[in-house]
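To start, the structure itself, in structure tokens.
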Amino acid sequence: MLPNLIKDTKRGKKEEMAIDKTLLHKLITAYGVSGNEEEVRDIIRQAIKPYVDEVFIDRMGNLIGIKKGDKPRIMLAAHMDEVGLMVKRIGEKGFIYCTYIGDVDTLTIVGLTAHIKTAKAKLHGVITTAEISAGKLNKEVPKKEEVIIDTGLSRKRLEELGVEIGTYVALENFSCCFGNEDLIFGKALDDRTGCYVLIEMAKRLKKIKNKAEIYYVFTVQEEIGLRGAKASAFNLHPDWGVVVDTTYANDSFAEPSRFLDKGPCITIKDGEFISNKCINGWLRDAAKKRKIPYQLEAVEEGSTDAATIQTTAGGIPSSVLCIPIRNIHTSIGVASLKDIEATILILEELLKKPPLVCLV
């Protein structure tokens, strides 16, 4: 566990807050490509179970923990799934061709290790192209259909081991800290960092007595169309909700707008969503009260589970807290532990005494 200090000006001293690095590491390194989230879901279920009154899996595959209460009914959501690949055919020589799940850039995956797990075996292969395999230099970014996975096995042997059309392929990498101990890197930071925040919120809010009923929703298939959140929001029908997700840090640009170490981003607008002004105000007030840094985000592309939650069941007021990530949707994303901590503290402040009514 790595303790980090955030100044609590309300009490005039610094409070120590420890990130559970063991749990965060488990979440990041677990495999959970969209539609195949069972491994990470099992980890989350065991982690959150002591802090909620009920936990269950719905028919879509979402994991839902409930802190029982009355009003307001609040939905906190983070998605479990990650981008990856799926086998679409196996060539005569044993090379595996894949279809892409989620927003995967071929430039970021060539040369990585592929993780292939079947009921019979756990396999690894290298992601490459025919030209790179033959020692030639690529002058252009490979097209998706040119990417292959080389396991060194024949097609017959792969089939014997259970590899077939539809087999999931995850991008393999390890997680670690930089020389700067406040930064971590690894795969699936989008959105296992958000999942970690929800687990920590359940732990903290268990000790707080209020009348709110809180749903901790860990959604499936966000990366391929925000699907799990729509089903869960329809069934739960909360009064309002906050999604904890990630956004791309662009502090490598000449004119950046989203930085590491400057707190989470409150999303005002993205490619499919305009957030609720009322909830945005609550989040900003909570951050200011605890003097926690935050950023504002208005972008043209991408979206989060909030886009489907907002338009479900007659309309559910929603907003988003996004943790900035460098190298998002790669196996070597970079995140700040300080930003994760700041996200937790803002939500904790808001949910101590959550407002009942959310105006449009």
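Below, each value reflects all heavy atoms present in this structure, side chains not excepted, and no hydrogens, waters or symmetry copies.
Here Asp261 does not pair with Lys338 in a salt bridge; the nearest charged N to carboxylate O distance is not below 4.0 Å. Comment: Glu348 does not engage Lys352 in a salt bridge, judged by the lack of any side-chain N to carboxylate O separation of less than 4.0 angstrom.
Applying the salt bridge (Lys or Arg N to Asp or Glu O under 4.0 Å) test to pairs two or more places apart or on separate chains, those with a residue in residues 53-63 are Glu54-Lys68. Judged as a salt bridge (Lys or Arg N to Asp or Glu O under 4.0 Å), not a single pair has a partner in residues 115-142 (not counting sequence neighbours). Each salt bridge (Lys or Arg N to Asp or Glu O under 4.0 Å) pair with one or both residues in residues 31-47, not counting sequence neighbours, would appear here, but there are none. Sorted by first and then second residue, the side chain to side chain donor-acceptor pair (under 3.5 Å) pairs involving residues 218-228 (not counting sequence neighbours) are His79-Glu222, Thr219-Asp305, Glu223-His329.
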Does the pair Glu300 and Lys269 meet the rule for a salt bridge (Lys or Arg N to Asp or Glu O under 4.0 Å), with working shown?
-> CA-CA 8 Å; Glu300 290 75 28; Lys269 172 197 173 293; 5.3 Å; no
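Applying the salt bridge (Lys or Arg N to Asp or Glu O under 4.0 Å) criterion to Arg326, with sequence neighbours excluded, gives Asp251. Qualifying ring-ring contact (aromatic ring centres under 6.0 Å, His included) partners for His237, counting only residues two or more places apart in sequence or in other chains: none. For Glu92, the salt bridge (Lys or Arg N to Asp or Glu O under 4.0 Å) partners at least two apart in sequence or on another chain are Arg155. Partners of Lys71 according to the salt bridge (Lys or Arg N to Asp or Glu O under 4.0 Å) rule, which considers only residues two or more places apart in sequence or in another chain, are Asp239. Every residue meeting the ring-ring contact (aromatic ring centres under 6.0 Å, His included) condition with Tyr31, not counting sequence neighbours, appears here in chain and number order: His115. For Glu213, the salt bridge (Lys or Arg N to Asp or Glu O under 4.0 Å) test picks out no residue, with sequence neighbours left out.
Through chains of ILVMFWY side-chain contacts below 4.5 Å, Ile224 is grouped with Val33, Met86, Ile101, Tyr168.
For the pair Lys262 and Phe259, the distance from NZ or CZ to the six-membered ring centre is under 6.0 Å and the angle to the ring normal is within 45 degrees.
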Review item, side-chain donor-acceptor pairs of residues 156-163, under 3.5 Å, at least two apart:
| unit_1 | atom_1 | unit_2 | atom_2 | d |
| --- | --- | --- | --- | --- |
| Arg157 | NH1 | Glu160 | OE1 | 3.1 |

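Of the possible donor and acceptor atoms, one in the side chain of Asn250 sits under 3.5 Å from a partner among the backbone N and O of Ser257.
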